[in-house]
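These notes are about the structure you will find just below.
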Amino acid sequence: MEKRKRIIYIGIVCLILLWVALSADQDRYRREFNYATLRRFHQDSLTADENSEYDGPLAATPEISLPPGRYVVKIHYDTDTDDNTFFITSENEAFENIEGILLSAPACRELTIDPDKNGRNLTVCTYYNGTGRLSMKNIVIESEGTVCTDRFAVGLTALLLLAVWVWLDRKNSPAKKVYLWILALGFLSTLPFFNSYLTKGHDMTFHLARIEEIYAGLKEGQFPVYLQPDALGGYGYGAPLLYPQLFLYAPALLRMAGVSMVTAVGIFLLAVNLATAGIMYFSARRMLSSGFAAYSSSLFYTFAMYRLINQCTRFALGELLAMVFLPLAVYGLYEVLCGDSKKWYWLTAACCGVLQSHVISTVFTVMIIVIFCLVFVRRLFLERRFFVLLKAGLWTVALNLWFLVPFLEMFREELHTTSLQLQFENIALSFLQLFQVFPLSRGDTSFVGETLNGKMPLNIGIALLFFSACCLYGLAVGEYRKEKRMPALCLGLGILFSLMATQWFPWSALFRIPVLAKLFSFFQFPWRFLSCAAVFLAFSAGAGACWLGNRLKDSGGVLLAALIFALLPAGYYMDDLSRGDLFLMKEEAAGCDDIAGGEYLYEGTDQAAVRARPPVPLSENGGFAVKEYEKLGTHMRMEYSLSGTEEAEVELAALYYPGYEIVYRDGSDETGQKGHRLTGYAGRNHLLTVLVPPGNGLLICRYRGQALWRWSLFASLAALVVFGSVLWAEYKNVSVFKSLLMMRNRRHMHGSQ
């Protein structure tokens, strides 16, 4: 049997490698634009003639962004004159616009373009000049070679997943069934992203820009990436200073390895969904003490409609990532307050995960901690559990100093974050929306009204509702004893958070209290409470499914019913999603310029004026002249001359954020070694401004962040080492000092070998 398994595994590996070797065409770019995808300018038609009395553009491709490479553009048409034309343009200044004539024969123009940088917002357009007849057929753009490494990334992912299974199989681990269950849930919930394109999500442009900007920041030497270098036309944007993005480094590193954005997002979301299913299974298994309840809870949570909406309709990556760790936070609180307080580290790990995903979800986590402390207030002061909870909190702060220090420092600045505050008491969900069974994937964000038609899908889901009702019935008949009261607490909190998303909750009264109004307004939308509701209802639904299975003595039948209740609405939702607007093809490059509402700009910054400004250093001093200027991301190098004896105020082509390092060198210094630092500050329209000395000089500018931020990074790394030593010491029942010494001796032994 072992030999047969070995042959099967080797065969699977060979098949994966063979697919990688034979699928080179999948890494090429080819996209055809026909009637359905071409923009049409004359009577919604692709044809014009002299009788139409029309003169102007006839058809154009949507704006696409191509990675560097060599591409062939084929324009297929039919015309009886040589008077009509075409042109190809791009926002990339290095791209030379191309114009030409659509000859009557042959009825196809084929030309090659070679963008040396990303061809941002590239467009192919045909123009009817009012004579003869012109009829467009299609426009095809294809690459001459491969433009990405997607097949290698997909093959490596498959090999890694297979390696985990082989390892479990060789150990004959009972976790094999759990692994298969988690794999099934992860793959099924990621199905919408196993395509060669992405469909449009509400926040997709912003979050894809975050990933692409991490990639750009790492290329230019930033680490951590505190500033998005190419945002706002290359002037930079400080979103990473206040919006955590640790986990987005994973798809950004895939982008650095040449993987397309679509495939990088697909692999990343597969990992997110696998982690979601795995963490919920682990948390429910430990907290509910039932394998069947754990299987059910992981199913209900992975396919919770609000989680799928965050993933697909909204593409809210921050909130989606936070939902990975919320079940672990609940389990960690359970251990600290009700179970084995020595397992406090699970709460720390969960809080770190939520904090590095989404700030608003971090506030939700704090709310959950406060609620648990109030519910278990007696236990809080027994067996020193309060100090254990405090220890978990202090470790969370220590491990995240590298993000918290710049966050708190920038939060005090006069940024446009007030635009994030919304008075949402009038946009809460109608109660009926929570019970929608088969939601569509699209809809607007309007919540006031009496019908569900056209509204964004925001509901609990039939699986959570039915099996949570089973949990309620089990509680009513006395199924759960006092020591198993977590299902009751989870059910109660699930109902509470669900109501907080609706108009039934007294938001209008709460918003009359200034302190509460300011706090809740940062949540922006009441539907966010559904993330907490989904977590608690998944726990209670898992307990309800377990009770029903025991009551009917048919766990298999109950699990089958759970699969039907969870997968049918999700399948309907995903099928509707597949009909959505295409946003990005696999080999196309995502844009970097989306800054959403500009929440992380300084208050009063005029975005339009920034974009309209020439991207070069400017000064009102007439004696200032730029000899040579080069800019790559946040790196700027400028040689200048300044006549006279006084300093000049120079605006650089960057928005001001604290942390720019500007070095000046005197042009008369032949060695080029002597230099001193200048201080940049916020000038007109919050542009990075510096006073430069007279004469000939060289200015070198780059973004490094504040010195305190770098020290906080070292402090967090040191805390991570000590944290690992503490866990190792508790596991081995030795002191922390001995644990550190053991690690040191082990490194010394390896070094001597």
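Note that the structure is predicted; figures quoted are calculated from it, not measured.
Across V225 and I214, no two heavy atoms sit closer than the pair CG2-O, 3.8 Å. Here the closest non-hydrogen pair linking Y306 and E319 is OH-OE2, 2.6 Å. Of all the heavy atoms in C701 and L688, the pair that sits closest is SG-CD2, 4.0 Å. Heavy atoms only, all atoms of each residue included: N685 and G604 are closest at OD1-O, 4.0 Å. Closest approach of A329 to A350, counting heavy atoms only: N-CB, 3.3 Å. For the pair I182 and G278, the tightest heavy-atom approach, listed with the atom from each and the gap, is CD1-CA, 3.5 Å.
Between F187 and F194, the ring planes lie tilted relative to each other; the angle falls in the 30° to 60° range. Ring planes of F223 and Y249: perpendicular class, angle over 60° (limits at 30 and 60°). The aromatic rings of Y657 and Y602 are tilted relative to each other, their planes meeting at an angle between 30° and 60°. Ring geometry for W711 versus F714: interplanar angle over 60°, hence perpendicular rather than tilted (30 to 60°).
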Report the C-alpha distance between F247 and F325 in whole Å, list the side-chain angles of each, state the deciding distance to 0.1 Å, and finish with yes or no for ring pair (Phe, Tyr, Trp, His ring centres under 6.0 Å). CA-CA 12 Å; F247 298 108; F325 301 99; 5.4 Å; yes
Mind running side chain to side chain contact (heavy atoms under 4.5 Å, CB included) on L317 and F315 for me, showing each step along the way? CA-CA 6 Å; L317 284 188; F315 200 77; 3.8 Å; yes
What's the verdict on ring pair (Phe, Tyr, Trp, His ring centres under 6.0 Å) for Y345 and F723, showing C-alpha distance, side-chain angles and the deciding distance? CA-CA 9 Å; Y345 44 81; F723 181 70; 7.7 Å; no
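Looking at Q311, its side chain does come within 3.5 Å of a backbone N or O of S189 through a donor-acceptor pair. S361 places no side-chain N or O within 3.5 Å of a backbone atom of L355 that could act as its donor or acceptor partner. The closest donor-acceptor contact from the side chain of T605 to the backbone of H686 lies at 3.5 Å or more, if one exists at all. Formation of a donor-acceptor pair under 3.5 Å by the Y237 side chain with backbone atoms of Y600 is found in this model. In terms of modelled atom types and a separation under 3.5 Å, the side chain of S619 and the main chain of E649 share a donor-acceptor contact. H202 places no side-chain N or O within 3.5 Å of a backbone atom of A316 that could act as its donor or acceptor partner. A donor-acceptor pair under 3.5 Å is formed between the side chain of K631 and the backbone N or O of G234. A side-chain donor-acceptor contact under 3.5 Å links R710 to the backbone of G705. Without hydrogens or angle criteria, Q228 side chain to A209 main chain gives no donor-acceptor distance under 3.5 Å. Distance alone, capped at 3.5 Å, places no donor-acceptor pair between the Y215 side chain and the P251 backbone.
For F268 and F193, the gap between ring centers reaches or exceeds 6.0 Å. Between W346 and F282, the distance separating the two ring centers is shorter than 6.0 angstrom.
The closest side-chain heavy-atom distance from N273 to L185 is not below 4.5 Å. Side-chain contact between L652 and Y660: absent, with no pair of heavy atoms (C-beta onward) separated by less than 4.5 Å. Annotation: side chain of Y664 is in contact with side chain of L699 (closest heavy-atom distance under 4.5 Å).
Considering R613, Q607, R611 in turn, R613 is the only one that fulfils the side chain to side chain donor-acceptor pair (under 3.5 Å) rule with Y235. When each of H635, E661, E220 is checked for a side chain to side chain donor-acceptor pair (under 3.5 Å) with R702, only E661 meets the rule.
For the pair R528 and F364, the cation does not sit on the ring face, since its NZ or CZ is not both under 6.0 Å from the ring centre and inside 45° of the axis.
A donor-acceptor pair shorter than 3.5 Å can be found between the side chains of N400 and Q356.
Look at E142 and R28 and you find no salt bridge, because none of the NZ, NE, NH1 or NH2 atoms lies under 4.0 Å from a carboxylate O.
Here the CG-CD distance, from L698 to E628, works out to 9.0 Å after rounding to the nearest 0.5 Å.
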